[in-house]
Q: 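Could you have a look at this structure, given as structure tokens, before my questions?
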Amino acid sequence: MKPSISIVVAIYNRKDELFELLNSLTQQTDKEFEIIIVDDGSLIDLRPTIQNFDEMLDIKYFKKDNSGPGLSRNYGAKRAANEWLVFVDSDVIVEKDYIEHIKKDIQTIPCDAFGGADKAHKGFNLMQKAISYSMTSVFTTGGIRGNKKAVSKFQPRSFNMGVKKSVFEKVGGFSEMRIGEDPDLSMTLWENGFTTAFFDDIAVYHKRRVDFGKFSKQVYQFGCARPILNQRHPNYVKISFAFPTLFMLGYIMGFIEYFLLGRGIILAFYGLYTFLVLFHALLLTKNISIAGMAVISTYIQMFSYGYGFLKSWILLNVFKMKPEEAFPHHYYKK
């Protein structure tokens, strides 16, 4: 018997992205699934968009006060009827065999939760493709997101994540964190003896942020969240989490070395790194404009994440602030 699937989508505004997601779900080769849409206090009416698909999809729509994505996903999970919950962000598009592959993988790869990679759709604009490169590249913090070697301890992300409903309920669902709530859930699952897996054939097309400013703010928040996660889950701390901060500090040291000592040894390494990113991005995308923007987005990612991590680490470990005090906007009341 095939596993039953409930797709849960927490959404705030994003009417156009919702249309694209639902349209991709109408094309599934396996049509046995339900969709739970949780409107997290949107300022625009999403019902006309959903009504376009009422006859093609099994959709349940709920609207609630704004509280953040984690709590909204919990809200949707309680109203899901099926055995497995599949969380996707409202700004993704799925392949036509997405549901088919999920059901096949669940039956062949034992796990309590799973996740998949993300990638850029050919229809995305150049900046979206550059940002997608930075978020998934082996030369940045994103390399593990699409790595088969991460199967045993893969941390599913909520843009493309599945979990047994019974297991989700046992651990209490997503926590009070607004940022970093998905790795928080993954580590909570591990701490309770549950397993996660990486499914390499369920990648989604993820639009992400549409400009460098929004992207910088997003990865800065991710950086702030990591030391909080380290406090919550000390058994899963890795030195690699600090690499973007070391990258940022090394870059600053390179300029100090150059102006005070007249040497550019450190900056030479950054020059080599820049060339490798440019060459690798060009090799993957076959577009020099995307590759050039990928260099910019990569540095934005490393610097913004690195600064957020450093700031958070100092506030939590030097000034001994509680996470809720240091970053009140990172939390919501359950």
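Position 1 is the first residue of the sequence, and the numbers go up from there.
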Q: Within the distance-only criterion (no hydrogens, no angle test), does the side chain of Y273 pair as donor or acceptor with the backbone N or O of F139 below 3.5 angstrom?
A: yes
Q: Checking H121 side chain against G123 main chain: does a donor-acceptor pair fall under 3.5 Å?
A: yes
Q: Do T274 and Y299 pair up side chain to side chain, a donor and an acceptor below 3.5 Å, judged on atom types alone?
A: yes
Q: I need the single residue from W84, F198, F87 that forms a ring-ring contact (aromatic ring centres under 6.0 Å, His included) with F114. Which is it?
A: W84
Q: Indicate yes or no for a side-chain donor-acceptor contact from S175 to the backbone of E181 under 3.5 Å, with no hydrogens or angles considered.
A: no
Q: With a 3.5 Å cut-off and no angle check, do the side chains of Q221 and H330 form a donor-acceptor pair?
A: no
Q: Looking just at side-chain N and O atoms, do S90 and E17 make a donor-acceptor pair shorter than 3.5 Å?
A: no
Q: For F279 and F275, take the angle between the two ring planes, folded into 0 to 90°, and tell me which bin it lands in: parallel under 30, tilted 30 to 60, perpendicular over 60.
A: parallel
Q: Looking just at side-chain N and O atoms, do H101 and D97 make a donor-acceptor pair shorter than 3.5 Å?
A: yes
Q: Ignoring hydrogens and geometry beyond distance, is a side-chain donor-acceptor pair present between R226 and S312 at under 3.5 Å?
A: no
Q: Between S134 and T140, is there a side-chain donor-acceptor contact under 3.5 Å, judged purely by atom types and distance?
A: no
Q: Measure from the side-chain N and O atoms of S72 to the backbone N and O of V38, and report whether any donor-acceptor pair falls under 3.5 Å.
A: no
Q: Is it true that atom NZ of K217 has more than 12 heavy atoms of other residues, nucleotides or ligands lying nearer than 6.0 Å?
A: no
Q: What I want to check is whether the side chains of D201 and Y98 have a donor and an acceptor closer together than 3.5 Å.
A: no
Q: Hydrogens and angles aside, do Y205 and K122 bring a side-chain donor and acceptor to less than 3.5 Å of each other?
A: no
Q: Counting distance only, does the side-chain N/O of D182 pair as donor-acceptor with the main-chain N or O of S158 below 3.5 Å?
A: yes
Q: Just by distance, no angles: are the side chains of Y61 and D39 close enough, under 3.5 Å, to form a donor-acceptor pair?
A: yes
Q: Could you see if I5 belongs to whatever hydrophobic cluster contains I109? Use Ile, Leu, Val, Met, Phe, Trp, Tyr and a side-chain cutoff under 4.5 Å.
A: yes
Q: Around atom NZ of K64, are there more than 12 heavy atoms from other residues, nucleotides or ligands closer than 6.0 Å?
A: yes
Q: Give the cluster check for L278 versus F303: same hydrophobic cluster or not, with ILVMFWY residues linked at side-chain heavy-atom distances below 4.5 Å.
A: yes
Q: Judged by atom type as modelled, is there a donor-acceptor pair below 3.5 Å linking the side chain of S4 to the main-chain atoms of E83?
A: yes
Q: For Q27, look at atom CD and say whether over 12 heavy atoms of other residues, nucleotides or ligands are found less than 6.0 Å away.
A: yes
Q: Between the main-chain N or O of F19 and the side-chain N or O of N23, is there a donor-acceptor pair closer than 3.5 Å?
A: no
Q: Do the side chain of K63 and the main chain of S42 share a donor and acceptor less than 3.5 angstrom apart?
A: yes
Q: Indicate yes or no for a side-chain donor-acceptor contact from K165 to the backbone of A80 under 3.5 Å, with no hydrogens or angles considered.
A: yes
Q: Do any N or O atoms from the side chain of S216 and from the backbone of G213 form a donor-acceptor pair under 3.5 angstrom?
A: no
Q: Has K78 got more than 12 heavy atoms of other residues, nucleotides or ligands less than 6.0 Å from its NZ?
A: no
